[in-house]
Asks: 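Before we start, here is the structure in question, set down as C-alpha cells.
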Amino acid sequence: MTKEILAQFLAATAEFVATAESLSEEQLNRVPAPGEWSAAYVIHHLADSDAHFLVRFLNLLSVDSPAIIPFDEEAFPSSLHYEGRSVATSLYSIKSSAAHVNDILSQISDQEWTRSGLHPERGEVTVTDVLRLTTNHRVGHIDQLKASS
C-alpha cells in the first residue's frame, strides 16, 4: 500500500510538472478571479510546501515523535515574494524534492512507514499519512493548473 502511495506521489509530481511546463507565460501569470492565485503562484506554493513536507519526512524518520510544524499557505505569496520569483526555479525545486522524497521513502521498512509525530491541528500523523497528504495536495493543484490552460 505504501509503495502504491509513493508511486501515486511520483505520478502526480510528473503530471503537475508537465502541466506547468505546458503553460505559456500569459497563462502562468493570469489571475483566474480576484483573490485567487495565478498558475505561477500555485507553482511557487507547491515548491514551498514541498520544503515543509520534506522536513516532516526527515523529522518523522529521524526523531522520535517529533512536533509537526504547520504552515500558513496564505502568508506565502507576500512573505516569500512570489511576484518576483522564477517559475523555472520553483519547478526545479519540485522535481528535486520529489526525487529526494522518493530516494528516502523507497528504502524505508514497513515499520518506518508507521513512525509518527504530532501535528497541532491533525493530531498524530505517520509517514504514510504525510505522503498521502502531499500526494493529494499535488492532485488538487494539478486541477488548478489545468484550469489556467
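Quantities reported herein were computed from a predicted structural model and do not represent experimental measurements.
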Asks: Of the non-hydrogen atoms in Leu80 and Arg85, which two are nearest, and what is the gap between them?
Replies: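 Nearest pair, atom of Leu80 first, then Arg85: O-CD, 3.1 Å.
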
Asks: Can you tell me how far CG of Leu6 sits from CZ of Arg132, rounded to the nearest 0.5 angstrom?
Replies: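 So the CZ of Arg132 and the CG of Leu6 are separated by 12.5 Å.
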
Asks: Linking I/L/V/M/F/W/Y whenever their side-chain heavy atoms sit closer than 4.5 Å, directly or via other members, would Phe9 and Val139 fall into one cluster?
Replies: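 Different clusters.
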
Asks: Would you say that more than 12 heavy atoms from the other residues, nucleotides or ligands in this model lie under 6.0 Å from the CD of Gln111, or not?
Replies: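 It does not: Gln111 CD has 12 such atoms or fewer within range.
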
Asks: Heavy atoms only: give me the nearest Lys3-Leu105 pair and the separation to one decimal.
Replies: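 Distance-wise, the nearest heavy atoms are NZ-O, 3.8 Å.
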
Asks: Return the minimal non-hydrogen interatomic distance between Gly117 and Leu60, and the atom names on each side.
Replies: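 Shortest heavy-atom separation between Gly117 and Leu60 comes out as N-CD2, 3.2 Å.
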
Asks: Would Phe71 end up clustered with Val42 when hydrophobic side chains under 4.5 Å apart are linked, directly or stepwise?
Replies: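 Result: yes, single cluster for both.
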
Asks: Nearest 0.5 Å please: distance from the CH2 atom of Trp37 over to the CZ atom of Phe76.
Replies: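 Interatomic distance, Trp37 CH2 to Phe76 CZ, rounded to 0.5 Å: 8.0 Å.
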
Asks: Just to verify, what does Ala75 make a side chain to side chain contact (heavy atoms under 4.5 Å, CB included) with, not counting sequence neighbours?
Replies: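 Result, side chain to side chain contact (heavy atoms under 4.5 Å, CB included) vs Ala75: Asp72, Ser79.
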
Asks: For the atom pair NE2 (His52) and CG (Leu54), what is the distance rounded to the nearest 0.5 Å?
Replies: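 With rounding to 0.5 Å, NE2 (His52) is 11.0 Å from CG (Leu54).
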
Asks: Got Arg122 and Leu133 here, is their nearest side-chain heavy-atom distance under 4.5 Å?
Replies: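 Side-chain contact under 4.5 Å: yes.
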
Asks: Looking at Ser90 and Ala47, what are the two nearest heavy atoms and their distance?
Replies: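 Shortest heavy-atom contact: O-CB, 3.6 Å.
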
Asks: Taking side chain as C-beta onward, heavy atoms only, is Thr134 less than 4.5 Å from Phe57?
Replies: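 Counting from C-beta outward, Thr134 and Phe57 do come under 4.5 Å.
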
Asks: When you measure from the side chain of Arg115 to the backbone N and O of Val127, does any donor-acceptor pair fall under 3.5 Å?
Replies: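 Checked: no pair found.
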
Asks: Any side-chain heavy atom of Ile142 sitting closer than 4.5 Å to one from Leu145?
Replies: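 Side-chain contact under 4.5 Å: no.
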
Asks: Please name the pair of heavy atoms, one in Pro77 and one in Glu83, separated by the smallest distance, quoted to 0.1 Å.
Replies: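 The pair with the smallest heavy-atom distance is O-OE1, 3.9 Å.
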
Asks: Between Arg138 and Thr13, is a side chain to side chain donor-acceptor pair (under 3.5 Å) present by the stated rule, with each step listed?
Replies: CA-CA 7 Å; Arg138 280 170 154 55; Thr13 300; 2.6 Å; yes

Asks: Under a 4.5 Å cut-off applied to non-hydrogen side-chain atoms, are Thr2 and Leu131 in contact?
Replies: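 A side-chain contact under 4.5 Å is absent here.
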
Asks: Could you tell me whether the side chain of Tyr82 reaches within less than 4.5 Å of the side chain of Asp48, counting heavy atoms only?
Replies: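 Yes, side chains in contact.
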
Asks: Taking C-beta and beyond as the side chain, do Val87 and His44 meet within less than 4.5 Å on heavy atoms?
Replies: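 Touching, per the 4.5 Å side-chain cut-off.
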
Asks: Is there a path of hydrophobic side-chain contacts, each under 4.5 Å between heavy atoms of I/L/V/M/F/W/Y residues, joining Leu58 to Ile68?
Replies: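 Same cluster.
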
Asks: Quick one: are His45 and His137 in side-chain contact, heavy atoms under 4.5 Å?
Replies: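 His45 reaches His137 side chain to side chain.
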
Asks: Of the non-hydrogen atoms in Asn29 and Ala40, which two are nearest, and what is the gap between them?
Replies: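 Answer, listing the atom of Asn29 first, then Ala40: OD1-CB, 4.0 Å.
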
Asks: Can you tell me how far apart OG (Ser96) and CG (Leu91) are? Round to the nearest 0.5 Å.
Replies: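 If we round to the nearest 0.5 Å, Ser96:OG and Leu91:CG are 10.5 Å apart.
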
Asks: List the residues meeting side chain to side chain contact (heavy atoms under 4.5 Å, CB included) with Ser149, not counting sequence neighbours, and say none if there are none.
Replies: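 With neighbours one apart ignored, the set is Leu23, Gln27.
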
Asks: Going by heavy atoms in the side chains, are Asp50 and Val101 under 4.5 Å from each other?
Replies: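 No, side chains not in contact.
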
Asks: How long is the span from the NZ atom in Lys146 to the OG1 atom in Thr19, to the nearest 0.5 Å?
Replies: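 Going from NZ on Lys146 over to OG1 on Thr19, the span is 5.0 Å.
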
Asks: For the backbone of Ser93 and the side chain of Ser97, can you confirm whether one donor and one acceptor N or O come within less than 3.5 Å of each other?
Replies: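 Yes; judged by distance alone, with no hydrogens or angles, the pair exists.
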
Asks: Test side-chain contact (heavy atoms from CB on, under 4.5 Å) on Phe16 and Ile94; report intermediate values, then the result.
Replies: CA-CA 9 Å; Phe16 181 92; Ile94 291 164; 3.6 Å; yes

Asks: Taking Asp129 for the side chain and Thr126 for the main chain, is one N or O donor matched with an acceptor at less than 3.5 Å?
Replies: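 At least one qualifying donor-acceptor pair exists.
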
Asks: So how far is it from Ser38 OG to Ile43 CD1, rounded to the nearest 0.5 Å?
Replies: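 So the OG of Ser38 and the CD1 of Ile43 are separated by 8.0 Å.
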
